[in-house]
Amino acid sequence: MEKKEIVQLLDDMSMEEKIGQLLQLTGSYFMDDAVLTGPEAEIGVTDQEIALCGSVLSIHGASDLMKIQDKIMKSQPHHIPALFMLDVIHGFRTVFPVPIAQGCTFNPELVKEGASISAKETAVSGVHITFSPMSDLCRDARWGRVMEGTGEDKYLNGIYTKAMVEGYQGDDIKKPYKVGACVKHFAAYGLPEAGREYNAVEVSNRTLFEDYLPAYEEGVKAGAVSVMTSFNTLDRIPSTANCKLMRDVLRNKMGFDGVLISDYGAVMELVNHGIAEDAKEAAKLAIKAGVDIEMMSRSYVSELKGLIEQGEVDQKLLDEAVMRVLILKNKLGLFEKPYKDASVEGEKEVILCKEHREAARKCAEESLVLLENDGILPLHTQGQHIAFIGPYADNKELFGAWALMADGNDANALSEIVPALYPNNGYTFEHACNIVPKDSLLSGLASTLETKYNDQEEALAMDRAVEKAAAADVVVLMLGEHRLQTGEAAAVGDIILPKKQLELLDKIARVNQNIVTVLFNGRPLDLREIKEKSKAVLEAWFPGTEGAYAVMDALFGKVNPSGRLSMSFPYSVGQVPVHYDEFATGRPKGEEGEQNKFCSRYEDIPNAPLYPFGYGLSYSEFSYSDRCLSKQKLNGSKNEDTIEARVTVTNQSEVPGMEVVQLYIQDVKGSVVRPKRELKGFKKIFLKPQESKTIIFTITEKMLRFYDIDMEFKSEPGEFRIYIGHDSLETHAMAFHLVKE
């Protein structure tokens, strides 16, 4: 459709039809046999409003969506097709590791491939837009949605956001098997006070612009066709009504020209926030802020017409919003192909195909982080008696809470595959205990909690597990959170494993000290007790459809763990939020053991996290040598001037493996306080036994910019220190000076 045709269509639409394009409802409203309950029943939309609805969420399946599309187009005066949107966060039916785990791969190309595969399965199921990527910077492990982000670092976050947008959309979303990306949640949603979901955000303007906004901007630059507002307040203004944030920052500064959509019910929630008196004022604030689509509330359809007729809202704002929606539909090619890629036959061919499963397995393998190993891993492939014990020993649901389309029947449990693939050992398996207590009130978007045992059965299972552990050479404890313990609305006040699992660990440690603990979780946890009682700890996260194979192969050495933490694991919950790029303060804590009370420290715990950003072990042993800089001065007045930072990395072991070489830069002195160090580059390399490679990073003036004391984004002359190493604790420094001549 040509632009002039879209303009003509807009001009010919009635006010009611235009406003209908800004309404998004769940698919339940369009299913003949659906029963509306909860929020869906409470909204109170009319049949006419449903008939004019412009977009639909939370429904999939080619057959159903094609029928709904026919119904909507038939009811539309101009037969305008609907947009179908869905939360495809880390895979459709082929489920990839949760995003925080994908962050640990330090492999953007792998993440991009996963997004492309997710787009393909999503597209053949009739969906046009995915509500992903979540670009929120996450530094507080209490917040349930850390599983949906890629970690604590702004640079890494931006790289992954770009990779996901490009994977979903390709170079043209009209092409087959591509879907539109929706960058969320704008802005700073990952910084709720006390880590509590939907809570207020208080952040300085400088921190907002320097740390929290860059990843969203990477998504915009990559061409994301939509952005979602966040639930939180920012500068005490809810994002959905924040005109400065949405129009000045997102549209004018970042150049976003796509569709801005509210989160679920967020427009009407302006009343709860206390910034709007009623639906009328909520609609007025949201449309003035530039919100194009109202998700699952009806203030626009009930109030916008009156606001325009009364002169309180300019007709131009409505037309601009509708035009953006129509342009997006045109970009997707829906006016010519309203079903786009929806295909019942395509679903059978594409979903869970061999190629997709292989990619999911590869991503799961590279996301595993080996936290501890005193030599007990890898396990022997023959001659050992190994007891796999814990609620994840026989669990197929290795998915995060946002894997809405996941089916455990598509996956395998470790107990199903280990004996067949490594048959020369003796194995026993015991579920041992519930993941969480049987009376836990957990529910989620796609499932509800089911426990295996009552109290008496659980006690007997624990006893059986201890007996099996005592008779084994090695115990592999398969522990973790329930998949519904992380995700939206899953904030916690403590970050330890459920007590019954820790009790199991303690009992087994008394009869067998050869313990390997494998963890399945969606957030960093307090692992002090796990570390103390385990000879090896493997962080598996929620690894997805092929996760059991990835974990098994890592345990037996077929896969060499190469994941590195994209989010620090706190020593205890008292440290959070904790992140590596902190400030020194005027009274920094000295070396361990120094006796100085009057410094920035805790009385009862260390300052440092238990496991820092960038950390992860390997079955290989890597060494770094021959660090050097090509010169000691960088001329910031010449755009083409660069410095090369070199290092030689050697695999000193007989085990081939991958190493993540990490580059950090410290700005020693600035007009405002600067972080101790910031990640500015990384390279993931494969080294054969005894092989060495020289790695080169190019340093430019652009990498040294920040928001100075006058809030200008620029670099300042002075000394900078370079750290290249295995993780964020690297101590070997090289120095250079930035000059401006």
Side-chain angles (χ1 to χ4, degrees), residues 15-16 18-26 38-46 49 52-55 57 131 182 184-189 191-193 196-203 208 226-251 259-322 324-325 488-489:
M15 180 90 72
E16 290 82 1
K18 289 178 180 178
I19 295 172
Q21 286 297 302
L22 310 189
L23 173 65
Q24 182 168 98
L25 298 173
T26 64
E40 292 176 334
E42 294 167 4
I43 291 177
V45 289
T46 67
E49 290 164 354
L52 296 178
C53 176
S55 60
L57 79 154
F131 296 126
C182 180
K184 64 183 187 183
H185 308 82
F186 199 74
Y189 188 47
L191 190 61
E193 287 188 344
R196 196 173 75 237
E197 186 72 89
Y198 314 124
N199 207 4
V201 168
E202 288 292 333
V203 61
L208 174 67
S226 60
V227 169
M228 182 185 291
T229 67
S230 56
F231 283 120
N232 57 277
T233 59
L234 198 60
D235 196 23
R236 305 191 183 185
I237 304 169
S239 294
T240 310
N242 196 326
C243 192
K244 181 177 180 181
L245 180 67
M246 299 304 170
R247 292 197 180 272
D248 294 351
V249 177
L250 178 62
R251 294 212 183 272
V259 169
L260 181 63
I261 183 170
S262 81
D263 209 332
Y264 196 108
V267 174
M268 275 303 296
E269 287 175 15
L270 297 176
V271 178
N272 295 342
H273 277 292
I275 197 170
E277 183 177 359
D278 51 24
K280 180 178 179 180
E281 190 171 10
K284 180 179 178 180
L285 289 170
I287 197 72
K288 286 189 173 183
V291 175
D292 300 316
I293 295 179
E294 179 182 12
M295 183 195 296
M296 281 301 290
S297 58
R298 59 183 301 272
S299 64
Y300 277 9
V301 294
S302 66
E303 305 296 340
L304 266 184
K305 183 178 180 181
L307 285 166
I308 292 170
E309 290 174 344
Q310 294 156 20
E312 295 187 50
V313 168
D314 193 328
Q315 168 82 35
K316 181 179 70 173
L317 295 180
L318 172 62
D319 288 347
E320 287 176 351
V322 177
R324 283 191 283 264
V325 172
E488 186 171 355

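Note that the structure is predicted; figures quoted are calculated from it, not measured.
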From [atom1] ([X]) to [atom2] ([Y]), nearest 0.5 Å:
X	Y	atom1	atom2	answer
Thr26	Met296	OG1	CE	4.5 Å
Ser297	Gln24	OG	CD	10.5 Å
Leu23	Ser55	CG	OG	7.0 Å
Leu250	Leu245	CG	CG	7.0 Å
Gln310	Lys280	CD	NZ	4.0 Å
Arg324	Ile261	CZ	CD1	13.0 Å

Donor-acceptor contact below 3.5 Å, side chain [X] vs main chain [Y]:
X	Y	result
Asp319	Val322	no
Glu294	Ser299	yes
Glu197	Ala489	yes
Asp263	Met295	no
Arg247	Lys288	yes
His273	Ile237	no
Glu281	Glu277	yes

Stepwise side chain to side chain contact (heavy atoms under 4.5 Å, CB included) check, Leu318 with Val313: CA-CA 8 Å; Leu318 172 62; Val313 168; 6.0 Å; no
Distance-only donor-acceptor check, side chains Tyr198 and Glu488, under 3.5 Å: yes
Residues Ser239 and Thr229: side-chain donor-acceptor under 3.5 angstrom: no
What I'd like to find out is whether the side chain of [X] reaches to under 4.5 Å of the side chain of [Y], using heavy atoms alone.
X	Y	value
Ile275	Thr233	no
Phe186	Leu260	no
Tyr189	Lys184	no

Derivation of the side chain to side chain contact (heavy atoms under 4.5 Å, CB included) call for Leu52 and Val301: CA-CA 10 Å; Leu52 296 178; Val301 294; over 6 Å; no
Salt bridge (Lys or Arg N to Asp or Glu O under 4.0 Å) pairs, two or more places apart, involving residues 299-308: Glu16-Lys305
